[in-house]
Amino acid sequence: MADDLHAVARFLFEAGALKQNRRTGWWMAGVRDPETVAEHAWRTSLIASIIAQLEGADPARAALMAVWHDSQETRTGDVNYLGRKYAPSPDPQAVTADQTVDMPEGLASAVRAWVGEYEAKESPEAVCARDADKLECLLQGLEYLSQGYENAQRWVDNSRSRLVTETGKRLADELLNQGSLDWLRAALGEKP
């Protein structure tokens, strides 16, 4: 059994690289120290569970796909939209297959299936997870705007225009109508 988990343990170290990998598109907006891929994936997973629950899909499955949606970036880095103009995007399913090649087959096939479902964009859970990815970018953009990075507005607008689910669109509208510290004021019982 220990030999079966050798590749899994190796992958867990590899996944830790996502805590260091920065989301590179934000550098174009002038953000000096942008969020990491891991930070993005965590909040995307949380948002995916919320959207899925409100859309009548399976929140755990949507969150699971969101957790894995950028896991390939340990090997490819975060290639932003401008970079994709000059170099084709790596196939996430091929990268995942390579990452899981030596893992126990039951685990490897499950991980490949989760990534494949996300990339297929067909199941309600995949649609919710993909909307969560866009909504997290919009939310991060709003936070950067509140920190004075006015070029982040482009990411906010682009992310809003790509939302598909009604819940995602409604959440975006709510986020656009709130300040990034409104949650703190409410928690402290302060009046708006």
Side-chain angles (χ1 to χ4, degrees), residues 8-54 59-84 89-90 92 95-96 99-100 111 114-115 118-119 125-160 162-163 165 167-168 171-172 174-176 178-184 186-187:
V8 176
R10 201 172 54 230
F11 175 78
L12 294 176
F13 278 116
E14 178 179 340
L18 296 176
K19 295 185 341 180
Q20 309 304 318
N21 293 0
R22 299 289 169 186
R23 303 245 308 149
T24 62
W26 293 117
W27 285 325
M28 288 181 237
V31 178
R32 294 180 56 101
D33 188 25
E35 67 174 334
T36 67
V37 174
E39 290 166 329
H40 164 72
W42 175 80
R43 189 158 60 177
T44 298
S45 300
L46 185 69
I47 295 168
S49 69
I50 292 168
I51 292 174
Q53 181 66 39
L54 295 173
R61 189 165 187 81
L64 184 61
M65 280 185 263
V67 164
W68 287 92
H69 88 282
D70 282 339
S71 60
Q72 308 79 22
E73 292 182 12
T74 60
R75 299 193 177 190
T76 65
D78 177 52
V79 181
N80 60 55
Y81 285 105
L82 180 60
R84 291 178 195 165
S89 296
V95 176
T96 299
Q99 287 175 310
T100 61
V111 171
W114 301 329
V115 171
Y118 179 85
E119 293 300 324
E125 292 79 12
V127 171
C128 291
R130 295 183 80 80
D131 253 22
D133 184 37
K134 303 301 181 248
L135 193 59
E136 199 288 325
C137 187
L138 179 145
L139 182 52
Q140 186 63 62
L142 291 172
E143 290 171 342
Y144 287 145
L145 281 169
S146 74
Q147 294 169 21
Y149 295 106
E150 55 190 55
N151 289 332
Q153 186 65 50
R154 175 183 178 88
W155 281 257
V156 171
D157 296 340
N158 286 340
S159 296
R160 174 61 177 91
R162 291 183 175 127
L163 294 170
T165 64
T167 301
L171 271 172
E174 287 295 331
L175 291 167
L176 290 165
Q178 291 187 25
S180 63
L181 288 182
D182 284 358
W183 71 270
L184 180 59

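Any value given below was found using the heavy atoms of this structure, including those in side chains, with hydrogens, waters and symmetry copies removed.
Y144 has its ring centre less than 6.0 Å from the ring centre of W26.
Residues L135 and L175 meet the side-chain proximity criterion, which asks for heavy atoms closer than 4.5 Å. A 4.5 Å side-chain heavy-atom check between H69 and M65 finds every atom pair outside the cut-off. Looking only at side-chain heavy atoms (C-beta outward), T74 and Q99 come within less than 4.5 Å of each other. By the 4.5 Å heavy-atom criterion applied to side chains, P90 and Q72 are not counted as neighbours. Side chains of W155 and V31 form no contact here, defined as non-hydrogen atoms less than 4.5 Å apart. For the pair D78 and N21, the minimum side-chain heavy-atom distance is 4.5 Å or more.
Side-chain contact check for R43 and Q140: at least one donor-acceptor pair (N or O, by modelled atom type) lies under 3.5 Å.
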**OP:** Give the intermediate values and the outcome of side-chain contact (heavy atoms from CB on, under 4.5 Å) for residues V111 and F11.
**Re:** CA-CA 12 Å; V111 171; F11 175 78; over 6 Å; no
**OP:** Walk me through it: do E73 and L18 pass the test side-chain contact (heavy atoms from CB on, under 4.5 Å)?
**Re:** CA-CA 7 Å; E73 292 182 12; L18 296 176; 4.1 Å; yes
**OP:** Verify side-chain contact (heavy atoms from CB on, under 4.5 Å) between V95 and V115, making sure each step is shown before the conclusion.
**Re:** CA-CA 10 Å; V95 176; V115 171; over 6 Å; no
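Considering only residues two or more places apart in sequence or on other chains, S49 meets the side chain to side chain contact (heavy atoms under 4.5 Å, CB included) condition with P59, A63. R75 meets the salt bridge (Lys or Arg N to Asp or Glu O under 4.0 Å) test with E14, D98; sequence neighbours excluded. In this structure, the side chain to side chain contact (heavy atoms under 4.5 Å, CB included) partners of W42, at least two apart in sequence or on a different chain, are L46.
Distance CD1/I50 to SG/C128: 11.5 Å, rounded to 0.5 Å. Here L138 contributes atom CG and D133 contributes atom CG; the two are 11.5 Å apart, rounded to the nearest 0.5 Å. Here the straight-line distance linking atom CD1 of I51 with atom NZ of K134 works out to 11.5 Å at 0.5 Å rounding. Rounding to the nearest 0.5 angstrom, the gap separating the OG1 atom in T96 from the CH2 atom in W68 is 8.0 Å. Atom-to-atom distance recorded for R32:CZ and R22:CZ is 12.5 Å, nearest 0.5 angstrom. If you take CD on Q147 and CG on L142, they are separated by 11.0 Å, rounding to the nearest 0.5 Å.
Nearest approach of A132 to A48, heavy atoms of both residues: CB-N, 3.3 Å. Among all heavy-atom pairs drawn from G30 and Y149, the shortest one is O-CE2, 3.1 Å. Summarising the geometry of L145 relative to A152, their closest heavy-atom pair is CG-CB, 4.1 Å, with the distance given to 0.1 Å.
A donor-acceptor pair under 3.5 Å is absent between the side-chain atoms of H40 and the main chain of V37, judged by distance alone. Panel note: side chain D182, backbone G179; a donor-acceptor pair is recorded below 3.5 Å. Between the R23 side chain and the E35 main chain, no donor and acceptor come within less than 3.5 Å of each other.
Tested against D131, the residues T44, T165, T167 include a single side chain to side chain donor-acceptor pair (under 3.5 Å) partner, T165.
Geometrically, R84 engages Y81 in a cation-pi contact, judged by NZ or CZ lying under 6.0 Å from the ring centre and within 45° of the ring axis.
Counting heavy atoms of neighbouring residues, nucleotides and ligands inside a 6.0 Å radius, atom CD of E150 does not exceed 12 of them.
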